[in-house]
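Since the structure comes first, as structure tokens, the remarks are kept for the end.
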Amino acid sequence: MQGLKRTHYCGDVEGIGNEVVVGGYVQKVRDLGNLIFIDLRDRTGIVQLAFDDSTDREIFSKASGCHAEYVLMAKGVVRERESKNDTIKTGHIEIDVKDLRILAKAQTPPFEIVDDTNVNEELRLKYRYLDLRRNVLQQNLIMRSKIAKVARDYYYENGFIEIETPMMIKSTPEGARDYLVPSRVHHGKFYALPQSPQMYKQLLMISGFDRYIQLARCFRDEDLRADRQPEFTQIDLEMSFVDVEDILEMNEGFIKRLFKEILNVDIPTPLPRLTYKEAMERYGSDKPDTRFGMEIQDISDLVQNSGFGVFSSAVDAGGSVRAIVAKNAATVLTRKEIDKLTEYVRGIGAKGLAFIRWVEDEPSCGFAKFLADGELDAILSRLNAEKGDVVLFVADKNKVTLPVLGALRLKVAKQLDIIPEGYNFLWITEFPFFEYDEDSDSWIAMHHPFTMPMDDCIEYLDSDPGKVTAKAYDLVLNGTELSSGSIRITDYELQQKMFRALGLTDEEIEAKFGFLVEAYKYGAAPHGGMGIGLDRLAMLMCGTDSLRDVTAFPKVQNASELMSGAPNVVDGEQLNELSISIIPDKKEN
RNA sequence: GGCCCGGUAGUUCAGUUGGUUAGAACGCCAGCCUGUCACGCUGGAGGUCGUGAGUUCGAGCCUCAUCCGGGUCGCCA
């Protein structure tokens with residue numbers, strides 16, 4: 001730094017008459033001839049450097065040679081500006097520069113480093129280190145860092161111990177696809193990267209650590225989404241001597257503290273709760289956005305004998321007819337728009353979409369001609385539909401009507417722009433333990449196989465698996481699943497029973513989970529925990545809708561990283577050492 | 001893997017029915033400029049129209065393939 005030592009960050013410069021030293025990047029040079037202004041930027045903000053006829057000639061000519069993104073240190077005296085700028089924090093002062101060092105010149109960047117950019121994200125990701133110079137992203141990552149700090153503060157204060165668990169672990173093929181790491185030492189064998197530290201944290205409970213936390217990197221080799229990266233971070237925790245209530249309460253405390261400390265938002269606790277069943281019936285989703293109404297309503301009983309065959313046959317077949325009412329939507333949801341919605345619901349599994357559009361005095365309803373006298377009125381009155389509303393119906397098996405209307409509800413709400421701002425947390429509880437898989441004609445674990453069933457349904461394990469619910473809970477914020485957890489099975493016998501109910505043979509149980517089953521033979525306190533998605537939490541707290549905005553070096557949809565070019569082809573020698581050969585891509589043959 | 005959208009100066013975009021030399025703004029370069037902060041003024045450079053085939057007298061525009069990016073469904077115990 002050629003003898004200069006920074007005294008202030010740019011955004012913090014103050015005190016007229018103070019001698020200060022600042023360092024940063026050139027945001028903008030405004031060269032007026034015999035008067036030059038340079039906006040100098042660091043992560044705290046911008047300060048104006050001023051050079052005029054009182055400036056040393058050598059320094060003045062250095063200043064006139066500066067361009068965007070040059071790295072400078074400047075020493076000077078803080079003075080009041082002749083003309084002020086109210087739009088920035090340091091807009092009333094400037095630095096009368098007495099000494100200037102150009103620490104690094106810079107090529108013209110491929111895009112301007114400004115907050116409000118609409119540059120193609122692909123280019124930004126290729127030059128991510130430049131993109132990250134932008135204030136918005138810096139603030140997002142700073143926010144993420146603060147969240148991590150509050151998490152450590154809170155859980156440490158509550159007696160949690162941070163313990164690292166291995167990144168190279170045994171692969172178990174349940175759940176998401178594993179990322180694999182070949183072993184050099186063990187010919188033909190592989191480690192897996194953890195999808196979560198699940199089994200290890202349970203073992204730590206068995207060891208008696210009682211309360212564990214880790215900011216754990218997790219890996220899942222599945223296709224990406226805006227809110228899904230293949231590697232992500234969980235605030236992962238586990239507690240002993242607890243039941244569901246204790247865990248929810250502990251984590252509500254964290255949420256409350258986090259939002260107060262960082263956003264100064266009061267989150268009322270206890271957080272609202274919905275059972276899985278209720279969430280599905282009212283919102284068609286296990287992660288409902290409850291910031292707005294438009295709840296799903298069941299009219300099956302009204303139409304089971306209807307002349308409209310689409311409705312009656314759905315009910316006959318054991319399904320249902322359900323509807324959502326979009327209030328005052330008739331002008332936005334034109335015939336054409338409803339056609340688009342029909343197209344949409346067909347794409348997600350519905351056979352069609354029946355609707356009533358109530359624009360004129362009388363509701364317009366394509367299927368009214370099939371209905372008996374008074375039937376339409378009964379439906380409208382049940383649904384509390386009024387003039388100006390649009391009612392959308394789906395008739396099918398419950399497995400279709402509920403999720404389809406759930407998705408439609410969200411889509412329509414976005415279209416109508418009726419979703420209010422705010423942070424609407426809720427817990428979803430009592431998840432079904434099993435999910436029937438039609439492909440394999442078997443029951444599979446909806447959560448993971450270590451989840452404890454609710455006390456009163458253990459008896460149905462063999463007789464009626466569909467009836468068994470689990471001590472599992474999700475934390476949902478504004479329609480995004482933020483966290484998932486459960487109470488674990490700590491009884492060796494019960495665990496065996498669960499594995500068998502899932503169709504595992506004793507040999508498979510031994511091969512996959514033998515060490516865990518064995519461990520529980522030595523005694524474990526009742527325990528459970530959860531993992532909070534740090535990335536998603538940061539995303540929502542930053543008010544963005546993409547994890548890429550809160551991840552320093554994110555991957556794109558095909559799981560590659562555009563800046564470094566990962567993944568890449570490796571040296572044949574590296575493969576030889578690992579005894580791996582590459583099968584040519586089918587497409588290249 | 002399916003479906004949808006996009007790819008034209010460094011960047012963001014426009015580009016007529018397929019028709020002469022592909023435009024604008026910002027950025028960049030040079031000159032001028034003492035209170036700018038979207039500085040101003042004058043001048044200038046800058047294009048394999050993602051890539052490859054095809055149709056055509058002629059393709060940025062039409063067709064096919066392909067690559068890249070985004071969204072979405074599948075997938076994510």
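Because the structure is a prediction, the values reported are computed rather than measured.
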Within 45 degrees of the axis of the six-membered ring of A:Tyr191 and under 6.0 Å from its centre: does A:Lys170 put its NZ or CZ there?
no
Expressed as a whole number of angstroms, how long is the span from A:Lys126:NZ to B:G50:P?
16 Å
What's the gap between B:G52 and B:C5 when it is taken at their P atoms, as a whole Å value?
24 Å
May I have the distance from A:Asp39 (atom CG) to B:U36 (atom C1'), rounded to whole angstrom?
9 Å
What is the distance, to the nearest angstrom, from the CG atom on A:Asp116 to the C1' atom on B:U12?
12 Å
Applying side chain to side chain contact (heavy atoms under 4.5 Å, CB included), name anything that partners A:Glu337, two or more places apart in sequence or on another chain.
A:Leu333, A:Thr334, A:Lys340, A:Gln415
A:Leu35 CG to B:C37 P, straight-line distance once rounded to whole Å
11 Å
Show the numbers, then the answer: is there a side-chain hydrogen bond (donor to acceptor under 3.5 Å, both in side chains) between A:Asp535 and A:Gln229?
CA-CA 9 Å; A:Asp535 315 75; A:Gln229 283 276 314; over 6 Å; no
Name the pairs: protein N/O against N/O of nucleotides 27-29 of chain B, kept only if under 3.5 Å.
| from | atom 1 | to | atom 2 | distance (Å) |
| --- | --- | --- | --- | --- |
| B:C29 | OP1 | A:His67 | ND1 | 3.3 |

pair_partner(B:A38), Watson-Crick or wobble, both distances < 3.5 Å, evaluates to none
How far does the C1' atom of B:A59 sit from the matching atom of B:A45, given to the nearest Å?
28 Å
When rounded to the nearest 0.5 Å, the distance separating CG of A:Leu72 from OH of A:Tyr25 is 11.0 Å
Record whether the side chain of A:Arg228 comes under 3.5 Å of the base of B:C76 through a donor-acceptor pair of N or O atoms.
yes
Nucleotide paired to B:G44 in any strand shown, Watson-Crick or G-U, under 3.5 Å:
B:C28
Candidate nucleotides B:U36, B:C76, B:C75, ranked by approach to the side chain of A:Glu94 - the nearest:
B:U36
Pairs under 3.5 Å (N/O, protein and nucleotides 69-71 of chain B):
| from | atom 1 | to | atom 2 | distance (Å) |
| --- | --- | --- | --- | --- |
| B:G69 | OP1 | A:Asn558 | ND2 | 3.4 |
| B:G69 | OP2 | A:Asn558 | ND2 | 2.8 |
| B:G69 | O4' | A:Glu122 | OE1 | 3.1 |
| B:G70 | OP1 | A:Gln557 | N | 3.3 |
| B:G70 | OP2 | A:Gln557 | N | 3.1 |
| B:G70 | O3' | A:Arg548 | NH2 | 3.3 |
| B:G71 | OP1 | A:Arg548 | NH1 | 3.4 |
| B:G71 | OP1 | A:Arg548 | NH2 | 3.1 |
| B:G71 | OP2 | A:Gln557 | OE1 | 3.0 |
| B:G71 | N7 | A:Gln557 | OE1 | 3.4 |
| B:G71 | N7 | A:Gln557 | NE2 | 3.4 |

Side-chain donor or acceptor of A:Gln138 paired with backbone N/O of A:Leu132 under 3.5 Å
yes
Provide the full list of salt bridge (charged side-chain N to carboxylate O under 4.0 Å, His left out) pairs with a residue in residues 60-79 of chain A, sequence neighbours left out, each pair given once.
A:Arg41-A:Glu69, A:Asp52-A:Arg79, A:Glu69-A:Arg133, A:Arg79-A:Glu94, A:Arg79-A:Asp96
Specify the separation, in whole Å, of atom CZ of A:Phe37 and atom P of B:C33.
16 Å
For a quick check of understanding: with a heavy-atom distance under 4.0 Å over all strands, which category does A:Gln48 fall into, base, sugar-phosphate or nothing?
base
Gap between atoms NZ and P, on A:Lys84 and B:G35 respectively (whole Å)
16 Å
Charged tip of A:Lys467 within 45° of A:Tyr460 ring normal and under 6.0 Å:
yes
Categorize A:Arg41 for me: base, sugar-phosphate, or nothing, with a 4.0 angstrom heavy-atom threshold over every strand shown.
nothing
With rounding to whole Å, what would you report as the distance between B:G27 and B:G10 at their C1' atoms?
7 Å
State which of B:U36, B:U11, B:G1 makes the closest approach to the side chain of A:Asp223.
B:G1
A:Glu112: which residues meet the side chain to side chain contact (heavy atoms under 4.5 Å, CB included) condition with it, sequence neighbours left out?
A:Val114
Rounding to an integer number of angstrom, what distance separates B:A9 and B:G50 when you compare their C1' atoms?
15 Å
From CG of A:Asp96 across to P of B:G35 the rounded distance in Å is 16 Å
Rounding to the closest angstrom, what is the interatomic distance between B:G6 and B:G44 at atom P?
36 Å
ring-ring contact (aromatic ring centres under 6.0 Å, His included) filter on A:Phe111, not counting sequence neighbours, yields none
Between A:Arg488 and A:Thr451 (side chain of the first, backbone of the second, donor and acceptor by atom type, cut-off under 3.5 Å), is there such a pair?
no
Residue mapping more 5' on RNA chain B - nearest nucleotide basis, A:Pro110 or A:Arg81:
A:Pro110
Using Watson-Crick or G-U wobble geometry with both distances under 3.5 Å, which nucleotide pairs with B:C57?
B:G19
With the threshold set at 4.0 Å, does a side-chain nitrogen-carboxylate oxygen contact exist between A:Arg134 and A:Asp131?
yes
Between A:Arg30 and B:U36, is there a contact of a side-chain N or O with OP1 or OP2 at under 4.0 Å?
no
In whole Å, measure the gap between the C1' atoms of B:C64 and B:U55 for me.
11 Å
Does A:Lys471 come within less than 4.0 Å of A:Glu430, counting only side-chain N to carboxylate O?
no
Report the base-pairing partner of B:G6 (Watson-Crick or G-U wobble, both distances below 3.5 angstrom), or none.
B:C68
Determine whether any donor atom in the side chain of A:Thr87 lies under 3.5 Å from an acceptor atom in the base of B:C37, or the reverse, and answer yes or no.
no
Rounded to whole Å, please give me the gap between CG in A:Leu123 and C1' in B:G6.
15 Å
Would you measure the distance from the C1' atom in B:C33 across to the matching atom in B:U42 and give it in whole Å?
11 Å
Looking for any heavy atom pair under 4.0 Å, which part of the strands does A:Ile444 touch: base, sugar-phosphate only, or nothing?
nothing
Rounding to the closest angstrom, what is the interatomic distance between B:A22 and B:C49 at atom P?
11 Å
Using a 4.0 Å heavy-atom cut-off across all strands, classify A:Asn118 as base, sugar-phosphate, or nothing.
sugar-phosphate
